[in-house]
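Since the structure is predicted, the reported quantities are computational estimates derived from the model, not experimental observations.
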Amino acid sequence: MFLPESRRLPFLVAGEMPAAATLPAPAPGAAGQFSALYRQTRQEVSDYIRHGESEAMPALSPDGAWLHSRLAMVGEAGAARAVSLAGSAEDFASAVLPYARQAASALGVAPEIVAAHAALESDWGRRPIVREDGANSFNLFGIKAGEGWQGERTRSVTHEFVDGQARKSVESFRAYPDYAAAFNDYARLISSNPRYRAALGVGSDGAAYARALAQGGYATDPDYAAKLSSVVTSLRQRQARVTTPAG
């Protein structure tokens, strides 16, 4: 995903301003899961398209510029795929746990720890990294595509912390053919990189795994270990509620 260099972007039909352009609506039953940020961004772009570029209209935010460019590049169908949300947190966990089990076995950790890491990086599947045509990249772990990466890649807006402050940037991320490939690559990354050696074999100790990844530099967020550990706890609590008989 590319951020445009300026506010002047192509519209859905080249050279024409849509009379009643609309943004993709949420999937049925998912409206309550929209974050405040997404609702704000959606309204911002809707207003921008409706009124056009003028002195009265403020510049689009980076998120708004991305969504606007997605509408222009791939049309509403592609944009709908780009911003579509997953179901509930329980649905997300159920969907990824089969893949997480295999990766966890290779890492010597509990499956819910791997699933929780995917949940943290993708906001329980609600903010996926997508390809530039709006298709799924299957990258749930926010793994970037460095110079040595030989597979497919895409670009996306992300947040990096510099001197303790979150800043937005556009980075290159790995893209996969399916979730199995994504989880396999994740397991290879964690198991083969010496920076994450302390994360291997910690079993069910989610806090230890989170600390090892944070100390190894998996993310720049200074609170990353605490956040990942919290998601592990949350996922386990959700699992407990599902498996505990009512009454």
Side-chain angles (χ1 to χ4, degrees), residues 27 30 33 81-131 133-146 149-154 156 158 171-193 195-210 212-214 216 218-219 224-225 227-243:
Q33 298 170 5
R81 293 196 303 272
V83 299
S84 63
L85 303 184
S88 67
E90 288 78 7
D91 291 338
F92 176 82
S94 297
V96 303
L97 271 172
Y99 306 104
R101 290 190 183 97
Q102 185 172 353
S105 178
L107 299 174
V109 303
E112 65 269 19
I113 293 176
V114 175
H117 197 189
L120 174 63
E121 286 289 339
S122 68
D123 188 20
W124 299 92
R126 299 183 184 104
R127 294 178 65 88
I129 296 172
V130 298
R131 298 172 187 267
D133 64 354
N136 197 344
S137 76
F138 299 100
N139 185 345
L140 292 177
F141 296 98
I143 302 176
K144 292 180 180 176
W149 173 246
Q150 300 299 313
E152 294 182 88
R153 61 181 67 209
T154 187
S156 179
T158 186
E171 304 288 347
S172 180
F173 290 87
R174 300 181 184 186
Y176 307 98
D178 50 42
Y179 286 126
F183 278 79
N184 287 339
D185 185 53
Y186 171 78
R188 282 193 298 270
L189 173 69
I190 302 301
S191 62
S192 64
N193 194 319
R195 293 186 302 164
Y196 307 127
R197 186 175 294 117
L200 305 179
V202 299
S204 60
D205 193 339
Y209 188 81
L213 290 193
Y218 193 94
Y224 197 76
K227 290 177 180 178
L228 177 52
S229 183
S230 177
V231 176
V232 172
T233 299
S234 175
L235 179 54
R236 285 173 171 162
Q237 291 172 343
R238 293 172 188 275
Q239 288 179 310
R241 288 197 296 269
V242 170
T243 57

Can any side-chain N or O of [X] pair as donor or acceptor with the backbone N or O of [Y] at less than 3.5 Å?
X	Y	answer
Asn139	Phe141	yes
Ser192	Arg188	yes
Ser234	Ser230	no

With sequence neighbours excluded, tell me which residues meet side chain to side chain donor-acceptor pair (under 3.5 Å) with [X].
X	value
Ser191	none
Ser172	Arg153
Tyr186	His117, Tyr209

Do the non-hydrogen side-chain atoms of [X] and [Y] ever get within less than 4.5 Å of each other?
X	Y	answer
Ile190	Leu200	yes
Val130	Phe173	no
Asp91	Ser88	yes

Hey, can you pull the donor-acceptor pairs under 3.5 Å for the side chains in residues 174-182, sequence neighbours left out?
residue: Arg174; atom: NE; partner: Lys144; partner atom: O; Å: 3.1
residue: Arg174; atom: NH1; partner: Asp185; partner atom: OD1; Å: 3.3
residue: Arg174; atom: NH1; partner: Asp185; partner atom: OD2; Å: 2.8
residue: Tyr176; atom: OH; partner: Asp185; partner atom: OD2; Å: 2.5
residue: Asp178; atom: OD1; partner: Ala180; partner atom: N; Å: 3.3
residue: Asp178; atom: OD1; partner: Ala181; partner atom: N; Å: 2.8
residue: Tyr179; atom: OH; partner: Asn136; partner atom: ND2; Å: 3.2

Of the non-hydrogen atoms in [X] and [Y], which two are nearest, and what is the gap between them?
X	Y	answer
Tyr196	Ala212	CD2-O, 4.3 Å
Val96	Ala115	CG2-CB, 3.9 Å
Ala210	Ala225	CB-O, 3.4 Å
Ile129	Gly142	CD1-CA, 3.9 Å

Checking [X] now: which residues fulfil side chain to side chain contact (heavy atoms under 4.5 Å, CB included) with it, not counting sequence neighbours?
X	value
Gln150	none
Ala208	Val202, Asp205, Arg211
Ala119	Phe92, Trp124, Val231

How long is the gap from [atom1] on [X] to [atom2] on [Y], to the nearest 0.5 Å?
X	Y	atom1	atom2	result
Leu235	Leu97	CG	CG	6.5 Å
Arg131	Glu152	CZ	CD	4.0 Å
Ser229	Leu120	OG	CG	11.0 Å

Counting only pairs under 3.5 Å, give me each side-chain donor-acceptor contact of residues 101-114, with atom names and distances, residues two or more places apart or in other chains.
residue: Glu112; atom: OE2; partner: Arg236; partner atom: NE; Å: 2.9
residue: Glu112; atom: OE2; partner: Arg236; partner atom: NH2; Å: 3.1

Whether over 12 other heavy atoms sit under 6.0 Å from Arg197 CZ: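 Counting neighbours around CZ of Arg197, 12 or fewer heavy atoms of other residues, nucleotides or ligands fall under 6.0 Å, so no.
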